[in-house]
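See below for the structure under consideration.
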Amino acid sequence: MISLLRNQRVRNTLLQVLYVGSLSGLVLACVMIARRNLAEQGITSGFDFLFKSTGWDVNFSLLPATANDPYWWYFLIGIVNTLFLGTVGLMLATIVGTIVGLARTSSNELARLLGRTYVDIFRNIPLILQVFFWYAVITHLPTPRAAHEAFGMLLTSRGLYLPIPNVGRAALVAAVVAIIAAVALPAWLGRTSRLSQPIGERLGIQLTAAATALATAAVILAFGRLPDLPLLDFPALQGLNLKGGLRIPPEFSALAIAIAIYGGSYIAEIVRGGFKAVGKGQMEAALSLGLSPWRVFTLVRLPLALRAMLPILANQYVWLMKATTMGIAVGFTDFFMIVALTINHSGQTLEAIGILMTGFLGINLSLAAVFNRVNKAIALKGNQLRG
Amino acid sequence: MNSTQSPGAAVHIEDLDKYYGSFHALRKINLCVQRGEKVVVCGPSGSGKSTMIRCINRLEQHDGGRITVLGTELNDDVGNIDGIRREVGMVFQHFNLFPHMSVLENCMIAPMMVRKRPRAEAEATARGYLEKVRIPEQAMKFPGQLSGGQQQRVAIARALCMQPQLMLFDEPTSALDPEMIAEVLDVMVTLASEGMTMICVTHEMGFARRVADRVVFMDGGEIVEEAPPAEFFTSCRSERTRQFLSQVLGH
Ligand SMILES: Nc1ncnc2c1ncn2[C@@H]1O[C@H](COP(=O)(O)OP(=O)(O)O)[C@@H](O)[C@H]1O
Ligand SMILES: [Mg+2]
């Protein structure tokens, strides 16, 4: 018995069991106490409310929404809105961050100065102020009658109006999947079998894959097209208001811009750090082989910099994803705001907060898991590197 | 530039000056290396050996004098620089392999990208040179999975895959554990015996004795002395050289 306790494996397992056991016990105790207190106040706990209709409206939803819809559908709307805002915000922030970060590592002094100024300014203004600022700017844009117009898009104080295809919902979803495949497929093909084709031919295969996916998207759109309507539904003025197209509300735009600019300033620093971490030696070796500066960048500097950036970038993304909860400050119906409204209307505080936490945990853990996989897949192999 | 038979020296350096800011790193260097010649450069740390050898393929830009490599003058002309880098291989103290590529990819990338060789040909060449540096079985591994000596041999193979006319070595064995030095030097001796033009910065005096046609001694950014090894090791003229030799040979 004593000798069993000396065994390292047994000891570790025992500690795990103790740890998990006491943690579950604690959680269970909390839940029981909370239930009793709530019951005393006459509030029924449980998740039955999920199936009742909400009775209130949301101001923006990618999914169809009416006040008759049940709570669980509203939570889904909130999660989709959060993911939409997060995706747009993170993509824009990455673009901004890459440009500013590259400017900061450039050999041009003016570019470096501009990059530095950008980072210093936008990293030091709290995100919520930036959200309010952009919200104020956007809501002071011209009225629908005097809208700014470009490429069929209308920019007004009521939001950004985009033309959308007059296509059935299912076809639209399928087309989006095909377009995502057009981007993902070439990337995936590039990763597998790096040596089985010459680089020139590999590019050919990648382009073919992308073209096929895009063609599929076009075919789906053509067939899913609603009858007797033009392919694109352009927003247009009717009376005092704009009809048609997709309205991106000012709340969404303000949040997306603020996250792009604020997040971009952090990502710029990560990008800069990544490029600085690449050894000069590798680049000199590449140059000494006669590779052109562009090839040195794409084949050596960028791939190595990306590997240095990725772990920190993943943290930043998770962090920015959580920052989408700023939506409540300007009234964008993201997941957090839906939960807040639910608490107001249904009184199911604990359950709603539990759902909120589980939802965000799910989103962020998946994000982290994806990055971990990518990280592992591209990690430098071996432990004998120096210099 | 492109013909192997073109007459004249492989490297011709005249009155080379190099400054780092206000620091005068190379002072009026003159050096001529014939095709097929093997030159060993030695000298105390900080004497400018690396700087000089790196000027030959424009990893450093010189500030005065003329450098002519394989008949092409090294100046701001990008075409000249590219042409010279294609024909001049370099091996570094810290190997500088591309850690995200397999050994084979390390060796194939430049022939495919720069010389536009088809993949099959580039792979055959790469495998040939990996055989030559005695690590054909490591082709699919990554640099980080190899010992220092193996990594340096890959670096030599990578440079050779471009089929250069001149090889530069900057202290190729200085970062290696003693038991790995021999395996790298063996490869270099073989390369020398096949007639490769070589300029080696090294403190391996045994190697210098065996393969060098000439030993060049540098100190304080100047070439102090140059002589065939037999003469260099027995009857050097300058006090600085004698002192340096007693340090590297002394133990
Ligand atoms: N990039 C640089 N900037 C400033 N000084 C340098 C740089 N590279 C080398 N030096 C200086 O030039 C001198 C010669 O350096 P180097 O050629 O590396 O010497 P060696 O290879 O003989 O040890 C040294 O004093 C070194 O400090
Ligand atoms: Mg040196």
Side-chain angles (χ1 to χ4, degrees), chain A residues 107 187 190-206 274-275 277-311 374-387, chain B residues 54 56-60 78 81-102 104-123 139-148 150-151 155 158-159 161-162 164 168 170 175:
Chain A
S107 54
R191 280 232 52 76
T192 55
S193 64
R194 287 176 62 175
L195 266 182
S196 60
Q197 294 102 24
I199 287 154
E201 268 177 46
R202 197 168 76 206
L203 194 68
I205 294 173
Q206 285 171 312
F275 277 103
V278 179
K280 237 176 137 67
Q282 273 77 30
M283 292 191 290
E284 285 179 348
L287 284 174
S288 78
L289 287 166
L291 291 165
S292 65
W294 173 246
R295 295 269 202 226
V296 175
F297 181 80
T298 56
L299 294 173
V300 179
R301 198 161 169 232
L302 185 63
L304 290 176
L306 269 179
R307 282 169 172 82
M309 286 175 217
L310 217 54
V374 176
N375 241 336
K376 259 212 197 103
I378 64 170
L380 298 180
K381 298 183 181 59
N383 53 4
Q384 302 280 315
L385 294 168
R386 19 176 162 168
Chain B
R54 287 158 59 85
I56 296 173
N57 64 355
R58 253 290 154 123
L59 289 182
E60 301 289 351
V78 180
I81 298 174
D82 285 348
I84 288 171
R85 283 180 177 163
R86 263 197 293 270
E87 303 298 330
V88 176
M90 185 158 195
V91 176
F92 301 83
Q93 181 174 356
H94 294 287
F95 332 137
N96 298 352
L97 293 173
F98 308 132
H100 57 305
M101 299 181 193
S102 70
L104 200 57
E105 286 177 295
N106 264 278
C107 294
M108 289 164 60
I109 196 90
M112 284 172 68
M113 292 293 180
V114 180
R115 292 220 192 271
K116 312 285 178 213
R117 294 274 187 268
R119 196 196 75 93
E121 189 190 325
E123 182 173 341
M140 299 315 287
K141 285 201 186 165
F142 284 78
Q145 298 168 322
L146 305 183
S147 75
Q150 291 173 322
Q151 287 188 51
R158 174 178 69 177
C161 282
M162 282 294 284
L168 309 173
D170 190 359

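The part of L97(B) that comes within reach of chain A is its backbone (N, CA, C, O), which places non-hydrogen atoms under 4.5 angstrom from that chain. In this structure, the portion of L146(B) lying under 4.5 Å from any heavy atom of chain A is its backbone and not its side chain. Neither the backbone nor the side chain of A379(A) has a heavy atom closer than 4.5 Å to any heavy atom of chain B. L291(A) touches chain B through backbone and side chain together, each having a heavy atom under 4.5 Å away. If you measure heavy-atom distances from R54(B) to chain A, the contacts under 4.5 Å come from the side chain alone.
Of the listed residues (V91(B), N57(B), L59(B)), the one with the most heavy-atom contacts under 4.5 Å to chain A is L59(B). Your options are A286(A), S292(A), G281(A), and the one with the most heavy-atom pairs under 4.5 Å with chain B is G281(A).
A donor-acceptor distance shorter than 3.5 angstrom exists from the side chain of H100(B) to the backbone of L299(A), with no hydrogens or angles considered. Of the possible polar contacts, none joining the E284(A) side chain to the F92(B) backbone as a donor-acceptor pair under 3.5 Å is found.
One finds the NE2 atom of H94(B) at 14.5 Å from the NZ atom of K280(A) (value rounded to the nearest 0.5 Å). For the atom pair D82(B) CG and L287(A) CG, the distance stands at 9.5 Å (nearest 0.5 Å). Interatomic distance, NZ of K381(A) versus CD of Q145(B), reported as 7.5 Å (0.5 Å rounding). The structure places CZ of R86(B) at 13.5 Å from OG of S288(A), a figure rounded to the nearest 0.5 Å. Atoms CD and CE, from Q282(A) and M101(B) in turn, are 10.5 Å apart once rounded to the nearest 0.5 Å. The distance from the CD atom of Q384(A) to the CD atom of Q151(B) is 7.0 Å, given to the nearest 0.5 Å.
Closest non-hydrogen pair, A285(A) versus R158(B), comes out as CB-NH2, 3.3 Å. In this structure, A110(B) and L289(A) approach most closely via the heavy-atom pair CB-CB, 3.8 Å.
Shown here are the ring-ring contact (aromatic ring centres under 6.0 Å, His included) partners of F98(B), two or more places apart in sequence or in another chain: there are none.
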